[in-house]
Amino acid sequence: MAEPANVSGVLAHYESIDGTRRAIETLREAGFDDLEVFSPVMCPELEEALGIHSSPVRRWALIGGITGFTTANLLTIGTSLAYPLIGQGKPIVSWPPFIVIMFELTILYTGLFAMFSWMVHAHRPKLKLSPAYRAVFSVDRWGIFVPVDDRNRDRALDKVRETEAVEVEA
Amino acid sequence: MADHWDTEERGLTLADANRDIMRPIMVSSWRYWTLLAFVFALVVWGCIAWAWQVGQGLGVAGYSHPVMWAVYITAFVFWVGIAHSGTLISAILYLFRSGWRTTINRAAEAMTIFAVMTAGLFPLIHLGRTWYFYWLIPYPSERFIWPNFKSPLVWDVFAVGTYFTISLLFWYTGMIPDLAAIRDRLRGWKSKVYGLFSVGWQGTVREWSHYRRAYLYMAAIATPLVLSVHSVVSWDFAMAIVPGWHSTIFAPYFVAGAIFSGMAMVITILVPMRWAFGLEDYITDYHFDNMSKLILLTSLIVAYSYAAEYFITYYSADPTEQASLFFRAHGSFQGPFWVMTFCNVIVPATLWFKKVRRSASAAFVVSIFVNIGMFYERYVIIVSSLAHEYEPYSWGFYRPSWVEISIIVGSFAWFFFWFLLFTKALPTISIAEVKEHLAHQGAHEHG
Amino acid sequence: MSEPSETHAPRPEEEPSTGTSRRTFLKILGLSGAGATAAACRPAPPHIDQKLIPYLVQPEGITPGTNTTYASLLAEAGPEPLGIHAWVRDGRVLNLEGNPDFPLNADGMSALGLSTLQDLYDPDRVPGPRKKGGGDFQEAAWKDGIQALGKAVQDGDVVLLTGTGTGTRDRFAEEWAKAVGARHVRYDTFDYAPLRRAHEIAFGRAEIPTYAVDQADRIVSFGADFLATWLEPTALGRRFAHARDIEKGRHARFTFVGPRLSLTGSNADDWLPARPGTSGLVALAVAHVVAQKKGGSRGLELQGVLATYTPEWAADKTGVAADKIQKLGEEIAAAERPVALPPGPESQGADATDACLAVALLNHVAGAIGTTVQFGVGPQRGQGATLAEMKSLAGDMKNGKVRTLIVAGPNPAFTLPASAGFAEALGQVPTVVSLNSHLDETTAAASWILPGSHELESWGDAEVLPGAWALGQPVMQPVFDTRQREDILLQAAAAAGIKADFGAQDFAGYLENAWREKHRASGSSQRFDEWWFDTRRQGGRWEGAPGKPTSVGLSRAVTSHAFSGGAGAPARGKFDLVVYPGSYLYDGRGANRGWMQEIPDPITKCVWGSWVEMHPDTARPLGLENGDEVEVTSESGKVRAPVYLYPGIRKDAVGIQIGQGHTHYGRNAAGRGVSPLDLLPDTVDGATGSLAYAGVAVQLSATGQKAKMVKLQGSDLDYGREVSEIMGVEEARKAIGEHQVDLSELVEAAWDSDPMSPYRWGMTVDLNACTGCGACVAGCYAENNLAVVGEERCADGREMSWIRIERYFEATADGGFQTTHLAEMCQQCGDAPCEPVCPVYAAYHNPEGLNVQVYNRCVGTRYCSNNCPYKQRRFNWFTYDFPYPLNLQLNPDVTVREKGIMEKCTFCVQRIDRAKVQAKEKGRLVQEGDFQTACQAACPTHAIWFGNLKDPTSRVSRIAKGARSYHVLEELNTRPAVTYLRDVTHAELAQET
């Protein structure tokens with residue numbers, strides 16, 4: 001795969017979560033901070049290792065919920081007032097039945113917001129994959145990509161070789 | 001017999017999981033296509049019946065004067081019920097961190113989606129003027145007419161609509177890493193298509209971290225949603241003053257019933273699927289044992305509800321209500337009533353025995369009974385109550401016509417048609433989660 | 001009028017025949033501007049594309065879109081002449097209402113009468129002249145038909161067969177027959193010969209008296225179904241309700257004697273189930289008791305005759321317990337103004353005259369003659385040929401004495417028992433010319449059909465009471481290419497070259513001449529044309545009629561009269577057959593009218609068929625249930641029909657209704673059900689020779705099959721659910737006497753949530769006044785474009801009727817039962833359960849408290865119907881069609897609904913709106929009596945009242961506050977706008993459990 005000149009670095013393959021985790025720790029101690037770590041499975045350990053603690057997705061979910069609730073209120077009450085017809089002597093604006101609508105819309109919007117916010121924050125969708133990505137990362141291998149320029153390349157290679165990398169690409 | 005998913009004994013590796021689960025997508029047999037064709041033919045037949053009904057008028061169905069809702073609404077409730085277990089397994093069990101969901105949640109969620117797609121048809125089929133169905137949806141029109149938000153039917157529109165959207169998103173989100181995996185196994189245009197749907201997933205830890213939370217929140221909201229949807233559906237009946245419908249236990253009663261029938265349908269689907277795709281290593285007796293336990297539990301709740309309904313009616317001393325429930329068990333619809341009782345109360349009791357629970361084939365048989373029983377339950381509740389209301393002058397009878405039967409058969413075909421497509425095009429087990437399970441197991445061994 | 005494309009353009013010239021009639025028609029109705037009516041109507045079938053030519057000059061007096069009302073007469077509708085107001089719009093008659101000035105039915109109508117609309121617009125009418133050729137009928141020209149008839153008339157040996165009549169039509173027929181040397185035979189299905197003969201024997205007056213039931217304080221019917229099919233049901237119904245008006249402190253106890261509880265019987269307080277044809281013997285025994293108790297001169301002069309006829313003597317002959325007879329006698333003796341009504345056809349046996357005589361004597365000893373039974377003022381009826389006479393006619397026909405038979409009205413081939421042999425005889429007649437409007441059984445045998453116009457298209461009149469003349473004027477141009485019967489005869493006579501002067505070219509002129517005489521006789525100061533105009537406007541002349549009843553004395557002959565003993569009990573394994581006229585089909589003439597087939601029979605609630613009524617205690621041991629087919633066999637024939645379990649019939653009797661079993665007559669009638677007339681031998685009443693319907697023994701055998709029997713009522717009991725309520729008369733008197741229960745709360749509860757609206761429309765239905773006749777249902781069908789759906793769909797409960805009469809049985813203390821008839825329509829609830837469940841607001845509450853249904857908005861979820869506890873909503877399962885020309889009767893004010901839409905009673909919202917517009921023009925609010933709903937207008941007993949509940953002075957709110965008021969299913973708190981008044985009975989009711 002042809003790499004564009006400006007991006008370059010070291011890519012190491014691993015075969016277990018723990019190996020990957022230890023590697024991350026070593027590399028970060030060595031001062032390599034913006035590591036790109038590929039994982040075939042969801043593993044919170046690696047997040048910790050990389051120092052990722054929270055995600056803004058939760059905030060978006062909350063905002064979504066509030067939006068949904070408000071929309072439901074406007075919709076039910078607004079339309080009832082705009083189109084006031086009496087049924088079974090009930091008040092034009094009668095809350096109890098509207099609560100169902102509010103509940104459903106709250107959930108709907110929460111879901112939508114959560115979904116789209118994670119994509120946005122993960123910079124997805126994208127058609128072009130990162131040059132460092134390898135197909136094996138979706139099978140059974142973990143990968144760490146250390147972006148470095150020519151000056152630090154050798155130092156990075158040394159560090160990487162200290163880890164349990166099963167394969168190293170420069 | 002293991003009381004956990006014995007992956008070590010089976011010596012599964014991540015690569016195995018990838019290969020095994022993707023096999024159906026990579027290879028296909030003539031059996032699959034003939035089955036698909038057959039199912040599709042049934043769908044077409046159902047469509048013809050519906051077209052005939054729309055052309056002639058609802059009179060071609062077996063409706064009578066007091067019984068204005070019948071098998072269409074029965075089927076609606078039935079399918080919405082089926083739809084429940086999917087989200088239950090994926091969301092609630094996810095929150096409870098029950099590991100055994102891992103290998104069955106994908107199929108269950110798919111079933112949910114298709115069940116809702118089937119259920120959604122019936123309100124339309126049932127309408128007297130189907131071509132105006134969109135009048136139930138709130139949209140600004142030149143007529144300045146809005147739907148009546150006090151009507152439980154409009155609640156349905158929102159509940160079922162929301163449920164469908166959320167389930168779909170949840171299912172899709174869970175599938176993205178797998179799509180990426182498939183993308184990487186394939187070449188050429190197929191790879192491109194899967195690539196498109198995998199939104200360029202490459203499993204960086206950053207992606208995983210956002211993804212994990214989003215998935216968690218969705219699970220969190222899907223849980224109350226599951227409970228609300230069937231409650232709302234049950235209120236279609238409970239909100240009416242029809243004796244036999246107008247009861248406060250309906251919401252929990254229906255939700256329990258929904259999970260009951262949903263679990264049964266999951267088994268009905270998993271057993272043949274596991275056999276066809278040779279997934280015995282992934283879906284094991286241990287999984288059936290757990291599902292059976294859930295069925296047993298819900299069966300007890302349902303049985304309790306039946307009893308409670310009769311007791312409360314007796315206790316209320318309301319003659320109309322009593323007449324209605326007496327009629328249900330002894331009147332012109334006693335046949336369906338006793339079928340229902342047998343299938344939903346007696347048959348599931350066999351699951352008290354571990355032997356039965358742990359045999360896939362036994363579980364399959366039970367699940368079939370439960371499916372039949374739950375269809376009859378809705379039929380009995382809807383039809384027998386309407387046939388025997390307040391005014392003795394207007395007591396009546398109902399018998400489904402060939403049109404209704406064709407449409408019901410067609411709806412089952414429609415459901416399986418989609419499911420067959422799913423098994424061919426998508427991983428029927430969540431690869432990512434299976435691998436997660438294996439990977440961590442590996443981790444424990446090493447460390 | 002050949003090309004329909006002309007029909008909308010005013011036509012200057014007509015071919016002479018109808019032209020003249022039309023000219024007279026114009027001349028007569030010109031003042032009221034109906035000329036345009038004539039020009040505008042005669043629409044062509046829809047499939048012929050036609051030019052629409054608008055009026056160039058708007059005709060005077062006609063406003064398109066508004067009804068013009070014409071007074072007219074229905075003389076051939078059913079048992080009675082009905083004075084009507086015909087609602088005509090744009091040249092089409094849309095609806096009929098009673099003529100309030102008319103001395104008999106007044107503003108009441110009967111279902112049968114209303115259904116003549118469907119007879120008029122019946123698609124199965126013979127659309128024009130037809131000639132028999134090659135087995136079936138070919139289209140032919142009028143002039144050929146007239147020629148043929150003329151030729152036949154020349155050949156002689158002509159018999160003219162018409163119905164009976166008391167007016168000019170009858171006189172004309174007589175005159176015409178004389179002129180052409182023909183024999184004129186009059187025939188009606190049910191003749192009153194025995195009644196006349198009995199009164200001739202008793203009082204020397206061969207007439208039908210007026211039964212002033214309204215004056216009576218004790219009523220006994222010895223079999224006459226006087227609320228449905230006997231004599232003048234609509235008028236008698238009104239009188240009956242008057243006699244039982246509990247609020248006015250009256251409530252005459254009513255006893256019914258007869259083998260089967262007919263509609264009339266179902267309104268009785270007591271039932272003496274006498275064997276068929278023996279009710280006269282009961283009357284004798286009762287008279288015996290009364291004579292003893294009452295004594296007096298009247299008693300004494302009859303004691304000789306009556307001596308032997310003790311209750312015990314009657315008991316074993318009639319199957320009625322002696323003590324019951326004794327008790328009845330004592331009660332009658334004690335009563336001030338009792339009345340006894342004679343047997344009707346269903347209890348008319350071989351000794352019918354004796355039976356009528358017995359009742360006459362009872363009335364005499366009871367002192368009813370002159371008070372509640374009035375001679376000299378009774379209904380005028382022509383005397384038709386009895387069965388004996390018809391049989392001799394049939395004989396003549398058989399042995400060639402009749403060369404030409406002209407049938408103008410009756411349908412003896414169907415209405416005579418097969419044993420009379422009329423049908424075969426018909427085949428022996430060389431030329432049969434039918435002037436009937438339908439291809440009925442008699443017409444089917446004709447060689448020529450020259451269709452006569454319908455009553456509503458024809459001229460006619462009748463003397464309904466002594467000196468009271470009703471006029472029937474055509475209210476629209478003929479729907480089909482038909483002519484007034486008399487005109488056909490006139491033209492035939494002319495064609496035959498008979499030189500006879502009828503004083504006019506056509507019947508219209510002939511009739512006018514007849515009325516000129518009346519004008520002269522009346523000595524009125526008015527010029528004839530003014531007088532004639534007023535006559536037409538009010539529908540006849542009855543000033544001062546019928547005058548005072550003449551007093552009559554008992555004739556000597558009676559005292560030596562020997563009464564026949566009557567027939568004994570049926571042999572073991574045999575059943576007495578009860579043959580009775582249909583409430584809606586009458587003698588079969590209602591059978592092709594969709595309404596009459598689809599409105600459930602008032603007693604059995606069955607539709608579209610025949611059934612054999614049996615007592616459950618008899619049927620069950622034989623293993624027979626509702627709908628099991630049985631074969632009923634007599635010496636004269638056999639019929640197959642499903643069993644109907646009816647506790648209101650003797651255990652040793654079976655009942656079959658007359659009216660079904662047509663072989664011709666139209667799509668609805670032909671091949672449907674069976675006719676019990678096939679079972680009757682040609683036995684006749686000895687004294688008069690009229691047919692004995694009672695006294696036939698039959699055998700029953702189950703065929704083991706289920707036959708189709710469509711019963712619309714689900715259950716006969718209301719299980720104490722506050723649906724139909726009935727109370728003892730004492731209780732009622734007490735409640736009313738003590739105080740008016742204050743139900744204002746209940747009335748206010750029905751108010752709509754809009755306090756600004758001046759109206760809250762409401763209705764009251766008095767179950768005590770309601771006889772269950774079903775006129776309201778027919779009225780609703782006529783007004784609201786209700787579709788007729790047919791037998792198959794009725795079987796699925798898909799009938800479209802917006803108002804129905806629910807018939808419930810309430811147990812009595814003596815183990816018997818009381819019947820209540822509950823007319824139920826949409827209750828227009830204040831808290832309507834149907835409203836909030838509709839997702840699209842198709843059902844909502846309008847400011848006047850009406851629970852309206854917006855058809856255009858309905859998507860057909862049918863949730864509203866599920867949630868309606870009264871089950872009053874009707875769904876359009878299909879788009880139902882109104883085959884031409886039935887579509888001409890559709891009310892332009894009311895939408896015709898398409899498939900997939902829910903509908904229900906609207907309280908005739910179209911009439912409400914018109915009333916509001918008219919009131920607005922007058923600058924006031926709608927007031928009491930501005931308008932009536934269709935059901936209210938039709939009701940002969942004023943059981944239904946409609947009005948504004950927000951007006952405390954309105955009659956409806958006053959009635960609703962009455963002591964007998966209740967709401968159906970009140971505990972549901974639907975706050976209905978319809979308030980029911982409990983039924984009242986003298987019978988002791990069983991304690992409800």
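Proteins get letters first, then strands, A, B, ... in listed order; numbering begins at 1 in each.
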task = Apply side-chain contact (heavy atoms from CB on, under 4.5 Å) to C:V840 and B:L136, showing your working.
result = CA-CA 6 Å; C:V840 291; B:L136 273 73; 3.9 Å; yes
ask   = Yes or no on side-chain contact (heavy atoms from CB on, under 4.5 Å) for B:R129 and C:E898, after CA distance, side-chain angles and deciding distance?
value = CA-CA 10 Å; B:R129 298 205 293 175; C:E898 75 158 353; 2.8 Å; yes
key: Derivation and outcome, salt bridge (Lys or Arg N to Asp or Glu O under 4.0 Å), residues B:K150 and C:E835   = CA-CA 10 Å; B:K150 296 167 192 131; C:E835 287 163 356; over 6 Å; no
request  = With side-chain contact (heavy atoms from CB on, under 4.5 Å) as the test, would you mind laying out the steps for C:K899 and B:Q56 before giving the verdict?
outcome  = CA-CA 8 Å; C:K899 73 179 177 219; B:Q56 293 297 304; over 6 Å; no
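Between the side chain of C:R862 and the main chain of B:H126, a donor-acceptor pair closer than 3.5 Å is present. With hydrogens and angles disregarded, no donor-acceptor distance shorter than 3.5 Å links the side chain of C:R721 to the backbone of B:E391.
In terms of heavy-atom pairs under 4.5 angstrom with chain B, the leader among C:T879, C:V968, C:I901, C:L969 is C:I901. Per-residue heavy-atom pair counts under 4.5 Å with chain B were compared for C:L717, C:V723, C:D796, and the maximum is reached by C:D796. Comparing B:P152, B:P123, B:G396 by how many heavy-atom pairs each has under 4.5 Å with chain C, the most go to B:P152.
Scanning residues 58-66 of chain B against chain C with a 4.5 Å heavy-atom cutoff picks out B:L58, B:G59, B:V60, B:A61, B:G62, B:Y63, B:S64, B:H65, B:P66, ordered by number.
At a 4.5 Å heavy-atom cutoff, the contact between B:I145 and chain C is made by side-chain atoms alone. Heavy atoms closer than 4.5 Å to chain C are found nowhere in B:S385, neither backbone nor side chain. Looking at B:Y72, neither its backbone nor its side chain comes within 4.5 Å of chain C, counting heavy atoms on both sides.
Interatomic distance, B:W135 CH2 to C:T861 OG1, rounded to the nearest 0.5 Å: 13.0 Å. Interatomic distance, OH of B:Y393 versus CG of C:D716, reported as 10.5 Å (0.5 Å rounding). The CG atom of B:N148 lies 10.5 Å from the CZ atom of C:R857; values are rounded to the nearest 0.5 Å. Distance CG/C:N867 to NE2/B:H246: 9.0 Å, rounded to 0.5 Å. Residue C:C868 holds its SG atom at 8.0 Å from CD1 of B:I241, rounded to the nearest 0.5 Å. Atom-to-atom distance recorded for C:K871:NZ and B:M68:CE is 7.5 Å, nearest 0.5 angstrom.
The one candidate from C:Q713, C:R804, C:E824 that meets the side chain to side chain donor-acceptor pair (under 3.5 Å) condition with B:S394 is C:R804.
B:P392 places a side-chain heavy atom less than 4.5 Å from the side chain of C:Y808. B:W69 places a side-chain heavy atom less than 4.5 Å from the side chain of C:N866.
Between C:Y841 and B:P147 the shortest heavy-atom distance is CE1-O, 3.8 Å.
If you look at C:Y863 and B:W245, their ring centroids are not closer than 6.0 Å.
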